[in-house]
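Only a predicted model underlies this, so the values are computations on that prediction, with no experimental measurement involved. Each chain gets a letter, A, B and so on, in the order the sequences are listed, and its residues count up from 1.
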Amino acid sequence: MSKTFLIDVTRCTACRGCQVACKEWQGFAANKTTQIGWGSHQNPPDLNPKNFKIVRFQEHKIGDTVTWNFMSDQCRHCLQPPCKDMADGYMQGAVVFDEATGAVVYTDKAKQLPKEAFDEMKSACPYDIPRRDDATGIINKCDMCYERVAAGLIPMCAKACPTSAITFGDREKMLEEAKKRLAVVKKDYPEAQLIDAEEVRVIYLITDKPEFYHKNLVAQGPAGISRMAALAKMTAPLKRSVRNLLG
Amino acid sequence: MTNHWIDIKNTDCALIMGSNAAEHHPICFKWVMKAREERGATIIHVDPKFSRTSARSDFHVPLRSGTDIAFLGGMIKYIIDKEKYFKEYVTEYTNASFIVGDKFGFKDGLFSGFDKKLSTYDKKAWAFAVDANGVPKRDKTLKNPKCVFQLLKKHYSRYDLKNVSAITGVSEKNLLKVYETYAATGQKDKAGTVMYALGWTQHTVGVQNIRTSAIVQLLLGNIGVAGGGINALRGEPNVQGSTDHCILYHILPGYHSVPRAHWPTLADYQKANTPISNDPLSANWWQNRPKYVVSLLKSWFGEAATPENDFGYSWVPKGDTPKGLVQGDYSHLHIFDRMYKGKIKGGSIWAHNPAQSIPNTTKVRKAMDNLDWLYISEIHQNETTDFWHRPGVNPKDIKTEVFLFPACHRVEKEGSISNSGRWVLWHYKAAEPAGESKSMGETMVEIMNAVRKLYREEGGVFPEPIVNLNWPSHFDADQIAKECNGFFLKDTTIKDKTYKAGSLVPSFANLADDGSTSSRNWLYTGSYTEEAGNKMKNRDLSQTDLQAKIGLFPGYSWCWPVNRRVLYNRASVDLNGKPWDPTRVVIEWDGSKWIGDVPDGGWPPMATGKGKYPFIMQKEGHGALYGPGREEGPFSEHYEPIETPVKKHPFSKQLSNPCAKIIESDMDKRATPGDSKYPIVLTTYSLTEHWCGGGETRNVPSLLEAEPQLYVEMSEELAKEKGIKNGDGVIVESARGRVEAVAMVTMRMTPFKIQGKTVHEIGMPFAFGWTTPGVGDATNRLCVSAGDPNTSIPEYKACCVNLKKADKLTELS
């Protein structure tokens, strides 16, 4: 049965348990970060090959009221992932679906993809997720802890979350839960919405304008992710043939 | 906490003040969120800074650091003026009706009984008036002008919205919003909880901050009930346990005063510390203190402790008799001051980083240079272990011989941990200690055994306290846990059961003052018994329906005292034993017995005539609206921090706490009130990603990555005034020191309007130190060596500084 996350920002305290737990589970080394010229709690400043998950911070003031929005950012595991289409254009098996969960997984083969393939994957991603380590050629992102899930565990970020802001489970159940939570949250926040729920496996429930969290919270592109995916599909065979042509 | 973590979900309103709960106690926010989602509770955050806690609260109200009493004093006035208090509770269960004696007075910021020369009070001036039997006189109509209620009303009448707003910097609109919302919990079927932490304690008025919240909670009937209480949020590394077991200079394990020179014999000590109540309805629980103290002495000195030698009382160190501010105070502020003045030659430091975490740190570090020797037990090297090669000193110039004992991590040892809700949980070892590291218990036992050997073989001055110690040959956490519980030392029969000598005591009710029992801490008696074994290992989730409704899990861990999960729970019921709120029952009298939680004493309800007043730890049995035991007065009063941006305040001419403990030395310079050289208020804090001084967490790469460097949070307005941009290096200076930090310019900091003028406040974490390269160094170099008169806790939360853009940075890279 396929899986889905619900990330309910009304419960997120930005403790960054998810960010740190993810990193520890993956066994990644730390990046050298600094406040100089940056001055923000958001560290590292962006996703990178050693952080599949970061919490984004944005503050806003309307009248006297301050809001501080937190967004635990990660791969959305699209149902129709444009990055996969792009990668498939170069090589089958670099980006695959994990059958059990529906997770979009970058395999070891992804390392063999050329830089230009990565550039296409990244620009095709409606959420700006994939990252490449230029030194090793490794292309990576969140893998939904699919191995943990196969062992009957939940992904590390959901496990670490103290306030149930990140929950994980069977897709149908999570969709239902997302709608239920939305109905409750709307009472206090009429603007509340679920982001791209039908198209991704990581559904955000937000209360403010999406751009008040992160420019890529909502799929970027004129008609959202479906169109992005469709476009990617359309252009993929072309790219493949171009590549074949180039040998 | 009077209550416990899960109980927060039962609240209708959480007032989070003096705490950044979401950041410093992240797990607790699960329960805050539950209250909000499932009960529709309102979450209020009152704090100088808009933090991650504010982000998840219904609203945030910024106030200037050090003005909490003014803020809450205004709430007390509001509750009384608008008659929002819970009348039956206030009349029956608090000391509102008590008549105060004729000697009590209050004039222009000072209470009667003040000794100007010693800066202390004669508390006898604040005593209650008593009748011929020695029982306090009462007027339950609350009309007598000398009754506590009327004195309270008069005292806080000065705390009107205008005065409070002018000094706190909180708008009158915001004051009213908080007062109205919170005072609504004065209904008998409503409960409000106060969640506080170091934001209240770390002031020269720290204890009175909490006293003021106690007054609010008692007026609203919020103590003893589910979803109520005064909840000190205590930290992960066993802060509650360390307080219970006395890692503090002024108390012995189980909250007994440290012996003093003017109590030369055990009888003197017991007499001075054992309250006597003439009221048959008052349980006056501390009347049992002698049993706990003798059992403690027996646990320390074993067979050497006999009735003839006062059970070894003369071997226990005696503090000096306090005369004035300094004498008899062995708190950190004074220890390091004495060290600085060359009066301390050596010592030991355990799991503590004073060269990073004590105020005026530059002086602290210099003080350590005066030691001949020092031994330290630590996991990582930090600013204290390495003080002898800190920036700017030549190790050759430091005479101190430093011994470093590698300590194992807490996951590498077993033992008990007491959480904030007083739950004592057995903590299992997850891995073997790395390398040669050992648990601190093991290290301490070994060192002391070597010292004992030397004393036995070579003698020495006053060897008795050392050679007579009941000391183990090796450290065994399980055995220590048993000793904390205590043993019968002779065969004892209770009802029809006989306990052989050497068996575990089942309850503190069985401790005796004749030397026939031992216990290292009476509060923990009952945690480890013959019948049930180590109850700290209990993990049973079963509960009755009544318990399930409020999230009580009596079979999970064990809780002091006697597994009572909500303290003062007899105040949650009316005189007939019926709960004020039948939907949130803590305890209930079913006609023959109490059901629910373990009641605060098993006596029947008050209306039967056989009951006892609910506040059993108070001599008179009543919640103390009027608290004559504290150092600076029976009511709280607004006093400015020792370093303040103002020259006067609206409540009196007494600018700061007249009893504050202030350290004087050539390095303890202070800004004058309203000093134009240091016009900005600095508050300091911890952060989620680092633990306290950061000695441990700076060594965890993923945490250092998340919070890499010392920053200073400042408003956009202040940044503009100073020509500082976000991410710029800045220099922050106080009269004592200079610290580099990176500017974090944020709309989450707000300039305050104080008495018509703009006052800026900035905030800095204290987790960064020089032993981690390039992260910055101790913020506490800026802070002031002044402490609360009751606890000596330093005023970390408010001092005065200035700041400027840095031309170059040396501490940050």
Please check: side-chain N/O of B:R56 versus main-chain N/O of A:T13, any donor-acceptor pairing under 3.5 Å? no
Sort A:W38 into side chain, backbone, both or neither according to what part of it lies under 4.5 angstrom from a heavy atom of chain B. backbone
Search all heavy atoms of B:A55 against all heavy atoms of A:W68 and return the closest pair with its distance. CB-O, 3.8 Å
Residue among A:K187, A:R11, A:K180 satisfying salt bridge (Lys or Arg N to Asp or Glu O under 4.0 Å) with B:E37: A:R11
For the candidates B:C28, B:S51, B:S54, which exhibits the highest count of non-hydrogen atom pairs separated by less than 4.5 Å from chain A? B:S51
In terms of heavy-atom pairs under 4.5 Å, which option from B:W31, B:F59, B:F50 contacts chain A the most? B:F50
Atom group of B:T746 that falls short of 4.5 Å from chain A, counting heavy atoms: both
Euclidean distance, A:Q35 CD relative to B:F768 CZ, rounded to 0.5 Å: 7.5 Å
Quick one: pull up NZ in A:K32 and OG in B:S813 and give me the separation to the nearest 0.5 Å. 5.5 Å
Closer than 3.5 angstrom, by distance alone: can the side chain of B:N726 be matched with the main-chain N or O of A:G37 as a donor-acceptor pair? no
Is the backbone N or O of A:E59 less than 3.5 Å from a side-chain atom of B:R748, with the two atoms forming a donor-acceptor pair by type? no
Between B:V700 and chain A, with a heavy-atom cut-off of 4.5 Å, which part of the residue counts as in contact: side chain, backbone, both or neither? side chain
For A:A30, is there any backbone N or O sitting under 3.5 Å from a side-chain donor or acceptor partner on B:E705? no
For the interface with chain A, which of B:K30, B:E23, B:M33, B:M747 has the highest count of heavy-atom pairs at distances below 4.5 Å? B:M747
Going by heavy atoms in the side chains, are B:T688 and A:R16 under 4.5 Å from each other? no
Can you see which heavy atom on A:T33 is nearest to which on B:L704, and at what distance? OG1-O, 3.9 Å
Measure distances from B:F29 to the heavy atoms of chain A and classify the residue's part below 4.5 Å as side chain, backbone, both or neither. both
In terms of heavy-atom pairs under 4.5 Å with chain B, the winner among A:C12, A:A29, A:S164 is A:C12
Distance alone, cut at 3.5 Å: any donor-acceptor contact between the side chains of B:E689 and A:N43? no
Show the nearest heavy-atom pair for residues A:T163 and B:P26, with the distance to one decimal. CG2-O, 4.4 Å
Restricting to non-hydrogen atoms, name the atom on A:C15 and the atom on B:R52 that form the minimum distance, rounded to 0.1 Å. CA-NH1, 4.0 Å
Atom CG of residue position A:D108 - does it have more than 12 heavy atoms of other residues, nucleotides or ligands inside 6.0 Å? no
Tell me, do A:T34 and B:P708 make a side-chain contact under 4.5 Å, heavy atoms counted? no
